[in-house]
Structures are given as C-alpha cells and as structure tokens.
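Here is the structure we will look at.
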There are 2 protein chains.
Amino acid sequence: MSQTASIKDVATHAQVAVGTVSNVLNYPDRVSQRTKERVLKSIAELGFVRNDAARQLRAGQSRTIGLIVLDVGNPFFSSVARAAEDAATALGSVVLVGDSGQDASREAHYMDLFQEQRVQGLLISPVGNVAERIDTLRERGVPTVLVDELADTDRCSSVSVDDEEGGYLAAKHVLDLGRRRLAFVGTPSIRQVASRLKGAQRAVAEVSDASVEVLDSAGQTVLAGRQVGNSLVERAPELRPEAVFCSNDLLALGVMQSLTMLRTVRIPEDIALIGYDDIDFAISAVVPLSSIRQPTEALGRTAIELLAEEQESGGTKHRSVVFTPELVVRQSTAGAGS
Amino acid sequence: MSQTASIKDVATHAQVAVGTVSNVLNYPDRVSQRTKERVLKSIAELGFVRNDAARQLRAGQSRTIGLIVLDVGNPFFSSVARAAEDAATALGSVVLVGDSGQDASREAHYMDLFQEQRVQGLLISPVGNVAERIDTLRERGVPTVLVDELADTDRCSSVSVDDEEGGYLAAKHVLDLGRRRLAFVGTPSIRQVASRLKGAQRAVAEVSDASVEVLDSAGQTVLAGRQVGNSLVERAPELRPEAVFCSNDLLALGVMQSLTMLRTVRIPEDIALIGYDDIDFAISAVVPLSSIRQPTEALGRTAIELLAEEQESGGTKHRSVVFTPELVVRQSTAGAGS
DNA sequence: CGTAACAAATGAAACGATTCAAAGACGAGT
DNA sequence: ACTCGTCTTTGAATCGTTTCATTTGTTACG
C-alpha cells in the first residue's frame, strides 16, 4: 500500500533539493524551465499531494475562515453561507461552517475548534454573549465579523440589515392598503424579531386609528405559524386582524396554510399577509407571499470583504455595514381594500 | 498584541518539560497531581490553545471527515449531513461539507482539497466518474463511503436507499387506489430518478390496464414542477393522468401549486399526487403531500459507521448497506376513487 | 582573462505538537 | 547499604513544508 509521497520523496526522485520542489509549487518563476518540468513529472509520477497541515504549521495560519450560523436549515443562513463561500474561494480561502443551532455551548464548541484550527478569521451570528471571547480572539490576531447583528464599532466589524426599517416597511405597506388592525407574529425575545416589531409599531403610531397586536409564536417554523393561523381562524371574524405581518417567511407560510385550508378566510381580501426574508419558496407559495427581502448574497460577500479589511489593518480598524431591506409585493397583499 | 502561546511557552512558565505539558493534555494519568495543577494553571494564564496543524502533522492524519453532497440546499442532503456531523462528533471527528452542485469540476476541487487536508475518510454522493479517484485514495489509506449510491463491494462501502423499491411503492399505492393512467415527473438522466421510474414501471406492469407516462422535467426544483403542472392543466380533462408521481417533493409541491392555483383540478379527487423524500415541508403543504420517506438520519449515521469499519480493517473490507424506503400516506392521495 | 551581475539551486533552520527511550526519584525488601 | 520496581519527568527526534542566506553556474563586459 503506497503511502503518500512527501516533498522530500519528490526531490529525491527528481534529483533536486527540497527547496527547489517547494519553489516549483510556490514560486514557479524562480525555477528554470527544465528543472520545473522534471519536478512536475516526478510529482505526477509519485502522485504527490501537498500536506496542508505542514504548510499551515510553517505559515502560522490556515487558509480557513470559520462561519458560525444559527441554523443551516434556514434558507436565509444557507444563502449567506453560500455567498461567503464563493467570495472566500475567490480569495483562495475555504469556509468551514458550524451550526450553533441557537445553542450557546455548541457555539462555544465551534469557537474552540476554529481557534485550534488557527482560522484566518471568524464570521458569526452570535447567540450567547461572545463579546469577551471576541476581544480575546482579536488580541490574538483573529479578526471577527458579526453577521446579521450590529457591532460596537470599536470592537469588531459587522454586516447587518436594518431590521427596524424592514418592520416599518412591512407595516407601512399594509397600512397603505387601508388595513388598520394589524397583528405581528414572531418571537420578540430574538433581537432581530424585536427590532422588526419595533419598526412595525413605529409605522402604526404614525396612523391615528391603527393598532398592532403581538402574537408570540412558539418558534420560527412553519409549524409554529400554523398554530397561530389556527388560533386566528377560531376567532370571530370581526375580531380577526385585517393584516398579519410575520417575522419570517416560514411562519407566514404556516399561517397561510391554516387560513387557506379552512377556506373561511381569503388572502388577501379578508386578511393581508406579509412575511420576512423573501426565501425562494415565498414566490411559489399557494398565494404568492409578499415579503421583505434581505440581501443575503451581499451579506455573505461583504462579510468576507470586511474580514479582509480587518486582516489588512491588523485588526485595528472596524467597520459596520448596514443594508437596507426591500419590500417585495406579491399577491398576498394585493390591492384590494385600498 | 499577545500572540498565541505554544506548548513550549507553557512548559517554561510552569517550569516543566514540553513532554510533560503534552502528557497533561493527552495522558493526564501519567502526570502527578501537583504537576498537573501547575501546568493547567499556566495553560489558563497564558490562554494556550493547541495548534491543530502541528498535531496533525505529527499524527499524520487529521480528525476530519470530508463530505461531498450534490446540493446542501436540498433538505434531503442537509439532513444527511446533519446526521453525519452528529455521529462524527460522537467519535471526536469533524465533518467538512463540500457542495459539488452536481458539477464534476467542483467535485474534483473538493476532493483535492480534502486530500491536502489528509482527511480520515471521504463520504461522497458522486456526480462524475470517481471510481478511479477512489481507488487512488484507498491505496493511500483514505477510505471512501458512497452516499445514496450503491457501490461495487470490492471497491468501497456504501449506504443507499432502494430507489426502485421506493418507486414501486409509490406507484403501487396509487394503483391500489384504483388509478390507472399514471404520470411520472422527473429527470431520468439522474441515476436515482431512473431507478424510481423503473420501480414505478414494474408496478404498472403488474396491473393489466395500467399505464405510465414519463414527463421529463427541467430540473428537480419547485419551479420545474410548476411548469409541468401548468402543462397538465392545459390538457383536456380526459387526457390528464389520474395520478402523478414526482421524483422528489420539490417537484411535487410545484405541481401541486399549479393544480390548486387554477382551481380546475382537485387533489386528490381528480389527480392523486405523490412525491419522494418526505421533506419537512411535505406534511405542511396546502394539501398534505404523500411521499416516500428516506431514512436520512440513518443514512448519515451509517455512513460514518461504515467509514469507521473501513478504517479499522485498513480499507480491506467493504460493506454496502441498503435501506428500504417507506410509504407515507397523506391527504394528497387520500381514499377517494378506490 | 578577470570579474561583476544576475539567475538558479541548495540545504539547514524553523514552525508546534507528540512520542519514546532514558534518566531520576522514591520506597520496599533484603 | 544495595538492589529492584514503580511512578514521574525529561528532552531530543520527528512529522512535511517554507524560508532564506549561501553557493554554484552562466553571461556580459572591460
């Protein structure tokens, strides 16, 4: 069983020094044509493959970037992750994805792991209180970029979306349709959700006779949305809200399923429905779902860019980029009623 | 800016030899209580974190397992990946996930990368012809397990699901409901899809007056399903199939949306609909979708187990595990018509 | 012919952990 | 006092690469 050949084996086989083989791999211009060909031939014959561990050890740093997300199953995060991977690949780096599942201990586990791997930097959607941990990392030369969370700018960089503005846009839109009694569905204990609610309340406050009721859902899933939807259907028609704003699309789709299945409530005629995130599935729902689009692609790409800036500045300069969300109107909030 | 401390710094600080520090970390029993405490104190004070590259270099192998999937966005694969990660974590390993996106060159890229990382083993849902590549890896002591693909047992191990049986189950189910004119939706150029079709055709052949029409879809997505659905709606009612079997749930949901949106076709009364994979969304679709459940959790877990077996046997013994899929009946194929 | 200038190739040192043969410490038994 | 065995600790060697100060080779020019 032939084990993997080392650079030394290649050197012997090609009758050159190890440094020369290394140069062929890293600085081809420094090596003469003839020698290069001979070395490359030996590499092919022996099936030599670089040992990345040795390279990292010498370099003192890996070509790896750690990314910790709240839930890879959530299309929002998988989309951000994909964009970050692409941007990193262009820079010759690799992204390792860790899923904290909103659990602080899992989050800590991945931070330990990434630190042992000597990652170039860390992208993280924090769940626990990671401020101290990030300070430590920065002192050790590992820059961090917060993702989907606004950072204290003298601590680290961040990319996020203006959640309050998003909430405002959604509520304003249904208010503009003439709806007055709104309901907000979500779990405000999550920071992003709380901000969206705050924005919605601001929009409501601008209209004299409008109101918004908060329906705390048990999670952020389709199933949780269905439960809320069922509770709405059970209400007397006059007690139902005229518009429902859900803190994410999964919830909204759940609500939609409850409402449409029972056929007693029409969307958007009786209840206008709007979600958040604009996941791929929103456009192809039974009643195409209006939503607030977040620029996931830009989030992932910018996160990598900010990380590169941090590296260049030696972790001294920090910058926070806040994107503006965008209203996407579809059938679930179509004209009727204005 | 304090850089990361090495094991040597810890040794100096605790006034012991480097070997002793290493023993504290790896063989705590060999070290006396007093020394251990002193070393641990120094580790804490200096904030020492193991350098994994150095460890790997010495060990000659990483604690990493590579996993290459066709599409992480697909719930089937993300579920398998999650299960594999959990199983690997229990064994003290880490799973690196690469997304080939059904592209042979991306697949090759990840194989190169994982080889440089000296992964313990490789789990792969192959897209290109990787047989030779796998042979090379095996020779070099990197065992491979095929995922969702049956392997040649004297080459490597594999975990898969009996796709033909799944196709048979689905078709048999709708035939048992009394439906005779079936349609199969999918892209038979994909191996798994072709097998499912073959199974369906077998079931149809067992019933004298039954037939199955193949509708080649442009992809395996919700959108592709909608297109097929629209084409069905455009047909004269008497030319429509009585049952539609889609090669995955995304397609089925797309078809469902087309059919229900136009309200001219009722599910399941006019057309019974069944998908494949039983993704989380199937149960909460407008009309809850019947499907063929694949044991994703078991696939991921078993893949890791087989990899462990390969490692123990030094890559000599291979084993293929084939799971049996399971019919899940929901409203989209409910009783009517039998 | 001597030498300056440049290009190419060399090979030892370093990265940070683990391993392991050897040395040291200590008590028990004779 | 001496030997033996057990438990602890030591520190040099090792993994495979990159780096860089040197050496070697080649060409050009006075």
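Below, chain A is the first sequence line, B the second, and so on; all start at residue 1.
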(Q) salt bridge (Lys or Arg N to Asp or Glu O under 4.0 Å), that's the test. Do A:Arg319 and A:Glu309 meet it? Break it down for me. (A) CA-CA 9 Å; A:Arg319 200 154 69 88; A:Glu309 284 183 20; 2.8 Å; yes
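Summarising the geometry, the separation between CG on A:Asp29 and P on C:dA8 is reported as 9 Å, rounded to the nearest angstrom.
For the pair A:Phe48 and A:Asp9, the minimum side-chain heavy-atom distance is 4.5 Å or more.
In this structure, the nucleotide among D:dT18, C:dT10, C:dA17 sitting nearest to the side chain of B:Ile7 is C:dA17. Taking only side-chain atoms of A:Ser22, from C-beta outward, the nucleotide of D:dT17, D:dT10, D:dT18 with the closest atom is D:dT18. Counting only heavy atoms from C-beta on, B:Leu57 has its side chain closest to C:dG16 among C:dG11, D:dT8, C:dG16. Nearest to the side-chain atoms of B:Val18 among the listed nucleotides D:dT19, D:dT10, D:dA12 stands D:dA12. Of the candidates C:dG11, C:dA8, D:dT10, C:dG11 carries the atom nearest the A:Ala17 side chain, counting heavy atoms from C-beta on. You'll find that the side chain of A:Leu25 is closest to D:dT18, out of D:dT18, D:dG16, D:dG11.
Neither side chain, B:Gln117 nor B:Thr64, offers a donor N or O lying under 3.5 Å from an acceptor on the other.
Phosphate proximity of C:dA7 to A:Ser32: absent, as no side-chain N or O sits under 4.0 Å from OP1 or OP2. Dashed line: the shortest gap from a side-chain N or O of B:Arg50 to OP1 or OP2 of C:dT18 is under 4.0 Å. Between A:Thr20 and C:dT10 there is a side-chain N or O to OP1 or OP2 distance below 4.0 Å. The phosphate of C:dT19 (OP1 or OP2) has a side-chain N or O of B:Tyr27 nearer than 4.0 angstrom.
Residue B:Gly19 is the one, among B:Gly19 and A:Val21, whose nearest nucleotide of DNA chain D lies closer to the 5' end (criterion: closest heavy atom).
Note on A:Asn26: only backbone sugar-phosphate atoms sit closer than 4.0 angstrom, heavy atoms only; bases stay farther off. A:Ser6 comes within 4.0 angstrom of sugar-phosphate atoms only, judged by non-hydrogen atoms across all strands, and of no base. As judged by a 4.0 angstrom heavy-atom cut-off over every strand, A:Val31 is placed among residues touching the sugar-phosphate backbone only.
In this model, a side-chain donor or acceptor of B:Arg58 finds a partner on the base of C:dT18 within 3.5 Å. One cannot find a donor-acceptor pair under 3.5 Å joining the base of C:dT18 and the side-chain atoms of B:Arg55.
A salt bridge does not link A:Asp99 with A:Arg106: none of the charged nitrogens is closer than 4.0 Å to a carboxylate oxygen. No salt bridge links A:Asp86 with A:Arg301; every basic N to acidic carboxylate O contact stays at or beyond 4.0 Å.
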